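In listed order, ligands and their atoms are each counted from 1. These numbers come from a predicted model, not from an experiment.
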Amino acid sequence: MVDCDHDCKSCGVEGCEEDEAKNFNIFRAYLNKESSVKKVIGVVSGKGGVGKSLVTSLLAVEASKRGKKTAILDADITGPSIPKAFGVTGRVVSQGDYLMPCKSEGGIDIMSLNLALDNESDPVIWRGPMIASVVKQFWTDTIWDKEDVMFVDMPPGTGDVTLTVFQSLPLAGLVVVTSPQDLVGMIVEKAMKMASMMDIPVLGIVENMSYIKCPTCGEILRPFGESKVEGLARKYNIKCTAQMPIDQKLAETVDKGGIEGIAENPLADFAANLL
Ligand code: ADP
């Protein structure tokens with residue numbers, strides 16, 4: 001097999017004898033024969049609103065800028081954050097037996113439940129197992145055309161959908177998004193422990209809303225207290241970390257759907273380490 005590194009846990013090739021021998025695939029969902037994805041990275045957080053979707057978007061933008069064919073699978077159905085950040089308003093369409101992802105202006109393939117709703121402000125009144133099966137179907141039934149990297153925007157926390165994604169997608173690893181608040185830190189440790197129990201490596205931690213830089217004097221203010229990211233990284237032996245400021249301009253850019261046009265990506269170096 002081409003490009004086989006014998007790391008069966010992060011491989012999506014169905015029917016491989018080595019994979020079957022290692023028996024990783026009891027819950028594994030496989031890509032269709034039209035698709036290939038070299039690397040799948042999950043983006044998780046302990047709770048909602050810490051900027052997980054923003055981090056997913058920034059990582060994808062940087063990967064694409066670096067010439068990687070990039071995809072986003074939006075498994076967080078709590079809001080249309082991903083399509084909104086990219087200004088994507090199209091509808092998911094089917095082609096024969098398959099689904100076609102929507103494309104961002106810069107060519108990132110995006111699949112999101114929010115792109116399948118009649119109205120993006122409609123709530124998704126579904127129980128966990130149903131959402132989980134749709135996310136799985138997005139993985140198996142979408143034409144993912146020779147993707148170098150896919151980022152999966154997970155729902156917050158450690159519920160049904162997260163568990164399904166952990167079990168069925170061949171995740172190369174996770175990026176954990178946190179904020180400096182103690183309580184959030186405690187919740188995020190649950191996500192870290194879940195990853196470790198399921199044998200999925202944490203590739204890096206992003207501490208979002210870490211600080212504010214005063215636009216007039218440049219002073220760094222830390223409204224949520226001192227950064228916790230280095231302590232957390234030491235505790236779990238994670239080498240790759242980033243701190244992201246609260247940035248009003250970035251929030252405005254996201255609101256306007258212009259994330260691919262940002263001049264300075266705060267996660268450029270962090271993303272480069274993951275790719
Ligand atoms: P989550 O996916 O964790 O629920 P989002 O990424 O959707 O969170 O972010 C929630 C809101 O906060 C969004 O409107 C987003 O643009 C904004 N936001 C997140 N991080 C920052 C930041 N560092 N600076 C400014 N706004 C931010």
*Can you sort out the partners of Glu230 under side-chain hydrogen bond (donor to acceptor under 3.5 Å, both in side chains), two or more places apart, ordered by chain and number?*
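With sequence neighbours excluded, Glu230 shows a side-chain hydrogen bond (donor to acceptor under 3.5 Å, both in side chains) to Thr241, given in chain and number order.
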*Contacts of Lys235 that satisfy side-chain hydrogen bond (donor to acceptor under 3.5 Å, both in side chains) - sequence neighbours left out*: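 Scan of Lys235 (side-chain hydrogen bond (donor to acceptor under 3.5 Å, both in side chains), adjacent residues dropped) gives Glu189.
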*Taking Ser112 for its side chain and Asn114 for its backbone only, find out whether a donor-acceptor pair lies under 3.5 Å.*
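Yes.
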*asked:* Would you say NZ of Lys103 has more than 12 non-hydrogen atoms from neighbouring residues, nucleotides or ligands within 6.0 angstrom?
replied: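 Yes, enclosed.
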*By salt bridge (charged side-chain N to carboxylate O under 4.0 Å, His left out) - contacts of Glu207 (at least two apart)*: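 Expected list: none.
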*Partner of Leu54 by side-chain contact (heavy atoms from CB on, under 4.5 Å), out of Val43, Asp247, Asp153, Leu250*: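 Per the side-chain contact (heavy atoms from CB on, under 4.5 Å) rule, the option paired with Leu54 is Leu250, out of Val43, Asp247, Asp153, Leu250.
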*Give the protein residues with at least one non-hydrogen atom closer than 4.0 Å to an atom of ligand 1, ordered by chain and number.*
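These residues qualify: Gly48, Gly49, Val50, Gly51, Lys52, Ser53, Leu54, Ser81, Asn208, Met209, Pro245, Ile246, Asp247, Ala251, Val254.
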